[in-house]
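Let me begin by presenting the structure, written as structure tokens, before commenting on it.
Just so you know, these numbers use all the heavy atoms, side chains as well, and skip hydrogens, waters and symmetry mates.
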Amino acid sequence: MVAKQLETARLRLRPFVAGDLHALHRLWTNPDVRRYLWDDVEITIDRAEAVIAASSESFDSRGFGFWSIFLRENNEDLIGFCGLRVFGNDEDVEILYGIHPSHWGQGLATEASEAVLHFGFQTCGLTKIYAGADSPNAASFRVMEKLRMTYDGPRVVNGMDAVYYRLNNPTE
């Protein structure tokens with residue numbers, strides 16, 4: 001499946017490309033972003049490059065992956081990312097998102113996530129999508145609740161405790 005761009009009222013989402021490497025690495029190593037996204041580990045540029053490559057492979061094999069987020073009014077500056085990945089038992093799919101702190105509090109994570117959820121359900125035919133966060137990550141839980149996700153319970157992911165929410169495909 002060819003990865004496609006997604007658009008919302010304020011955002012343009014484009015599948016990761018190699019040229020996003022440095023902008024994504026800057027985002028992912030921002031202390032406020034990495035605190036929950038990478039469990040406060042400052043990832044290497046090689047790790048960021050591997051995530052971009054894995055996303056491309058996931059689009060090829062599963063039809064979904066990660067998108068870079070841009071404001072429609074400023075098509076140049078990457079402000080975040082959002083996408084879908086397989087986790088856990090290799091059958092469950094979760095949505096991940098991250099927005100640069102300079103754009104927090106504007107509803108952009110929710111807006112991007114709505115577009116990605118719609119893509120996952122309508123284009124990929126997923127039956128349910130999960131979202132997880134560390135217990136102290138209140139902002140992420142607010143996004144999940146705005147997305148109408150419901151509490152699914154605790155999980156251990158990569159040896160770390162997390163709280164998960166779930167959204168079932170609304171057309172089923």
Side-chain angles (χ1 to χ4, degrees), residues 6 8 10-56 58 64-71 74 76-90 92-117 120 129-167:
L6 306 175
T8 70
R10 299 180 291 169
L11 304 172
R12 183 177 65 83
L13 289 75
R14 176 186 38 74
F16 283 179
V17 296
D20 293 337
L21 175 61
H22 294 289
L24 285 167
H25 186 253
R26 278 191 302 278
L27 174 71
W28 292 338
T29 57
N30 177 292
D32 291 323
V33 174
R34 77 169 191 246
R35 176 178 45 194
Y36 297 121
L37 183 63
W38 297 102
D39 298 320
D40 213 18
V41 172
E42 189 165 330
I43 66 162
T44 64
I45 195 89
D46 291 339
R47 177 98 185 260
E49 191 171 36
V51 171
I52 293 169
S55 175
S56 179
S58 181
F64 57 79
F66 290 113
W67 287 265
S68 295
I69 302 172
F70 303 86
L71 293 173
N74 177 359
E76 300 298 316
D77 297 327
L78 183 144
I79 64 158
F81 82 101
C82 188
L84 301 169
R85 73 170 182 181
V86 173
F87 80 110
N89 62 12
D90 286 340
D92 290 338
V93 175
E94 75 175 325
I95 187 168
L96 292 174
Y97 43 82
I99 301 290
H100 190 277
S102 63
H103 295 282
W104 284 358
Q106 301 174 37
L108 299 175
T110 303
E111 188 171 327
S113 295
E114 285 173 338
V116 169
L117 289 169
I129 298 174
Y130 295 89
D134 298 339
S135 294
N137 192 348
S140 231
F141 291 117
R142 280 192 301 277
V143 171
M144 293 175 209
E145 289 164 2
K146 288 178 187 175
L147 295 169
R148 298 168 312 284
M149 299 184 104
T150 57
Y151 178 77
D152 193 66
R155 287 189 185 215
V156 176
V157 179
N158 299 325
M160 309 275 299
D161 291 330
V163 176
Y164 270 78
Y165 279 59
R166 181 186 74 238
L167 184 64

* Take I45 and H22 through the test side chain to side chain contact (heavy atoms under 4.5 Å, CB included) and record every step on the way to the result. => CA-CA 8 Å; I45 195 89; H22 294 289; 3.6 Å; yes
* Assess the side chains of Y97 and S140: does a donor N or O sit below 3.5 Å from an acceptor N or O? => yes
* Heavy-atom check, side chain of P15 versus side chain of W67, under 4.5 Å -> yes
* With side chains defined as the heavy atoms from C-beta onward, is the minimum distance between L11 and L71 less than 4.5 Å? -> yes
* What pairs with D161 under side-chain hydrogen bond (donor to acceptor under 3.5 Å, both in side chains), at least two apart in sequence or on another chain? -> none
Output the distance between atom [atom1] ([X]) and atom [atom2] ([Y]), rounded to the nearest 0.5 Å.
X: T29; Y: L37; atom1: OG1; atom2: CG; result: 11.0 Å
X: T110; Y: M144; atom1: OG1; atom2: CE; result: 10.5 Å
X: R26; Y: L21; atom1: CZ; atom2: CG; result: 9.5 Å
X: L167; Y: E114; atom1: CG; atom2: CD; result: 10.5 Å
X: M149; Y: L117; atom1: CE; atom2: CG; result: 5.5 Å

* Between F87 and R155, is there a cation-pi geometry (under 6.0 Å to ring centre, at most 45° from the normal)? -> no
* Asked: Can R34 and D40 be counted as an ion pair, charged N to O under 4.0 angstrom?
  -> yes
* So I69 and L78, side chain to side chain contact (heavy atoms under 4.5 Å, CB included) or not? Walk me through it. -> CA-CA 6 Å; I69 302 172; L78 183 144; over 6 Å; no
Quick one: does [X]'s side chain have a donor or acceptor within less than 3.5 Å of a partner on [Y]'s backbone?
X: E111; Y: R10; value: yes
X: W104; Y: I99; value: yes
X: H25; Y: I43; value: yes
X: N30; Y: L27; value: no

Minimum heavy-atom distance between [X] and [Y], given as atom pair plus value:
X: R47; Y: W38; value: NH2-CZ3, 3.2 Å
X: L147; Y: S113; value: CD1-CB, 3.6 Å
X: T8; Y: A115; value: CG2-CB, 3.7 Å
X: V33; Y: W28; value: CG1-CA, 4.4 Å
X: V163; Y: S135; value: CG2-OG, 3.6 Å
X: F70; Y: R14; value: CZ-NH2, 3.0 Å

* To do: Decide side chain to side chain contact (heavy atoms under 4.5 Å, CB included) for V86 and S58; before the verdict, give the C-alpha distance in whole Å, the side-chain angles of both, and the deciding distance to 0.1 Å.
  => CA-CA 9 Å; V86 173; S58 181; 5.8 Å; no
* Verdict with supporting geometry, I129 and F64, side chain to side chain contact (heavy atoms under 4.5 Å, CB included) -> CA-CA 12 Å; I129 298 174; F64 57 79; over 6 Å; no
* Would you call the rings of F16 and F66 parallel, tilted or perpendicular if under 30° counts as parallel and over 60° as perpendicular? -> parallel
